[in-house]
Amino acid sequence: MIKMSLTVQQHKIPQWKIEEVKELKEKIKQHKTVIIASLDGFPTDKLHEIRKKFRNVMEIKVSKNKLFERAAKESGIDVSKIEQYLTGTNAFIFSNKNPFEISLMLSKFKLKRYALPGDKADEEVVIPAGDTGIPAGPMISVFGKLKIPTRVQDGKIAITKDTVVAEPGQPIPPEIVPVLQKLGIMPVYVKLRLKVAYHDNLIIPGEQLELKLDEYKSQILESYKNALALGVEIAYPEPEILKITLGKAYRNAMALAGESGYITPESAQAVFSLALAKAYALAGAISGKVDLGIQVPT
Amino acid sequence: MEYIYASLLLHSAKKDITEDNLKNVLTAAGVNVDEVRVKAVVAALKEVNIDEVLKNAVAMPVAAAAPAQ
Amino acid sequence: MEYIYASLLLHSAKKDITEDNLKNVLTAAGVNVDEVRVKAVVAALKEVNIDEVLKNAVAMPVAAAAPAQ
Amino acid sequence: MEYIYASLLLHSAKKDITEDNLKNVLTAAGVNVDEVRVKAVVAALKEVNIDEVLKNAVAMPVAAAAPAQ
Amino acid sequence: MEYIYASLLLHSAKKDITEDNLKNVLTAAGVNVDEVRVKAVVAALKEVNIDEVLKNAVAMPVAAAAPAQ
Amino acid sequence: MEYIYASLLLHSAKKDITEDNLKNVLTAAGVNVDEVRVKAVVAALKEVNIDEVLKNAVAMPVAAAAPAQ
Amino acid sequence: MEYIYASLLLHSAKKDITEDNLKNVLTAAGVNVDEVRVKAVVAALKEVNIDEVLKNAVAMPVAAAAPAQ
């Protein structure tokens, strides 16, 4: 008897953990998509902004990896495929949306933070003209070094002209970091890093979740061009394609007229343009050696 | 491209691009006329402003070609 | 350009561009055939490698004018 | 490019580009459907205005094509 | 353009562009299939080296003048 | 293109492009003159304002720079 | 440009561009021949692969003047 109760004692799990696993299980059950996002290096106050912005689309819960793993296992998820992502501090996102859509939404939502020394700018950093409220003192030489024009006004430093101190992608001069904070300028973006999505029994690694829309656009363009080219090739009778086919036929006709020297009021331009182009090319080829008494456009 | 050249020929001759006209021209050129295609081409061309298309085609490089051999 | 379109039609239909063929096509298109022109075109095209011309015409950069809106 | 062609086919047929529609088309074409890819394409194309992209393409030269052999 | 996209889808999936395949794809896309058109497209594409056409389509100078708005 | 070059030569020399002048130039160049073609060219040029055409041709970005040797 | 047109005429007629030939053509066109220039042109053209030059001239985008309207 005593032994048994000891065993129970050993496995006793705090009530809050039991509750949390239960809650996580509920959320897993209720949502088609579960995404594990890394909070390492992510300012926690920003999580609040994301929650607020997307509260109709997703739920975000910060929890311990062990608890999530247990909830996932008890929900029938093959944990072996996600345990590699259950390290560090994570947030768990629950949604019924396609995980790629979630990823797009999150990447389009620009969250900004103050710069830290060593950061690169994600957008142009401009020190605006106006009072800084900074007392005249050693900061004047910092501004001077960064070629920010200043003057002293009532004992405070005033910037006389909007000045760019970093272009996007450039490192932000560490000396200016405190000034940026003072002026309320947040030039660095923070993004929730999605590590993996679980959706409809599919495991989708984070790097795949990042949709390159430009690539899709260029593929659409290429496909369309291919379709038009193929359509033109078989003279597919559809207005969209016929327009191009007619143009091609017309240019063929002009080319043939030009090459055979067939003159009509319509083709004269093509015929003589071709002849002239050739004449000028030939003139150009010898213009260095012969004074032709003409000006050769080059 | 036969149907297209035939259509442009008619257009250039200021004739309507009708099924009959198209068939006549194609037949005269020894083309085995495909009725369905004729219908499709005539229908599609109704939606196209040929003069406009040709004008734009000219805005494009005037053709050319390798030197006649 | 009727004579050129008619020639291209014949070429495209893999028929020889002869005076007779050209006249037939043009007549079918309702064109009043000008014998001199027919002869001239047939003679001129004899000196031209049409396939070559067409290939180059098409391969050319068609720096499309943006459609004027 | 199968997924893109299938999507453009649906777009051209004025059908929604949904996972189910896309899978149906791809399967009919004998493509082994990759679920993840389908989801990615559907999500991406929700963000891309296909008509807009195509409109820009039309301003483009489509000279196209090898000479008919 | 549905018939063209469907053909390109099949080509891209390395399937033959046959009447049956084309019809399957179009039907799956919810297109009301026009038998005659299917026949015409399949016949026309038989004479075309699609890979060659696509190669040139891509090689085309994409002078994509964005339509001036 | 002989007939065109000969015409341009006459035009450039400020001579009328008449059948006789054209024949003279072509003969001097050793060309076997085809009367029909001469007639056709002279007749066609009557309908064309050569100065205008040449002006446009030159105004064009005829990027006809000599190939770098 | 008379000397160039005359040279192109000879080249196009597959005649050698010699001083005599050039003078003949120019004289036939009513041009007052400048002996020095004839010599210079003939000498310079000897060093030029005319076919090559013409081919390149043609391959160039002769971007036709867009119809101004």
Side-chain angles (χ1 to χ4, degrees), chain A residues 221-222 224-226 228-229 232-233 235 239-298, chain G:
Chain A
L221 213 56
E222 189 189 333
Y224 184 59
K225 264 165 60 180
N226 284 346
L228 290 179
V232 169
E233 189 63 23
E240 201 174 357
I241 289 172
L242 271 187
K243 281 185 196 169
I244 301 166
T245 317
L246 284 170
K248 177 185 165 186
Y250 185 67
R251 285 195 303 281
N252 281 348
M254 285 302 172
L256 194 56
E259 198 57 44
S260 61
Y262 180 77
I263 301 166
T264 69
E266 211 178 339
S267 71
Q269 190 73 60
V271 173
F272 285 108
S273 294
L274 181 60
L276 268 194
K278 290 182 173 184
Y280 279 123
L282 193 59
I286 62 169
S287 63
K289 299 161 196 143
V290 186
D291 171 23
L292 291 166
I294 51 163
Q295 247 199 326
V296 178
T298 48
Chain G
M1 291 291 280
E2 294 95 315
Y3 292 73
I4 297 294
Y5 292 137
S7 304
L8 278 170
L9 169 51
L10 285 167
H11 179 79
S12 179
K14 306 210 191 317
K15 305 293 171 204
D16 288 340
I17 302 173
T18 62
E19 292 180 27
D20 280 352
N21 286 347
L22 206 52
K23 270 191 274 183
N24 278 346
V25 171
L26 288 165
T27 308
V31 175
N32 256 331
V33 178
D34 172 345
E35 290 274 349
V36 176
R37 193 165 270 179
V38 166
K39 268 184 212 304
V41 167
V42 169
L45 287 179
K46 275 217 178 78
E47 291 170 45
V48 173
N49 182 337
I50 299 182
D51 279 323
E52 195 63 26
V53 170
L54 299 191
K55 208 177 72 190
N56 288 328
V58 156
M60 255 177 287
V62 182
Q69 264 92 30

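Here is the naming used below: chain letters follow the sequence lines, and residue numbers restart at 1 for every chain. These values consider heavy atoms only, across backbone and side chains, with no hydrogens, waters or symmetry-generated copies.
- For the atom pair A:Ile286 CD1 and G:Ile4 CD1, the distance stands at 4.0 Å (nearest 0.5 Å).
- Nearest heavy-atom pair, G:Leu8 versus A:Ala279, reported as atom, atom and distance to 0.1 Å: CD1-CA, 3.4 Å.
- Residue A:Leu274 holds its CG atom at 9.5 Å from CG of G:Leu54, rounded to the nearest 0.5 Å.
- Annotation: side chain of A:Leu276 is in contact with side chain of G:Tyr5 (closest heavy-atom distance under 4.5 Å).
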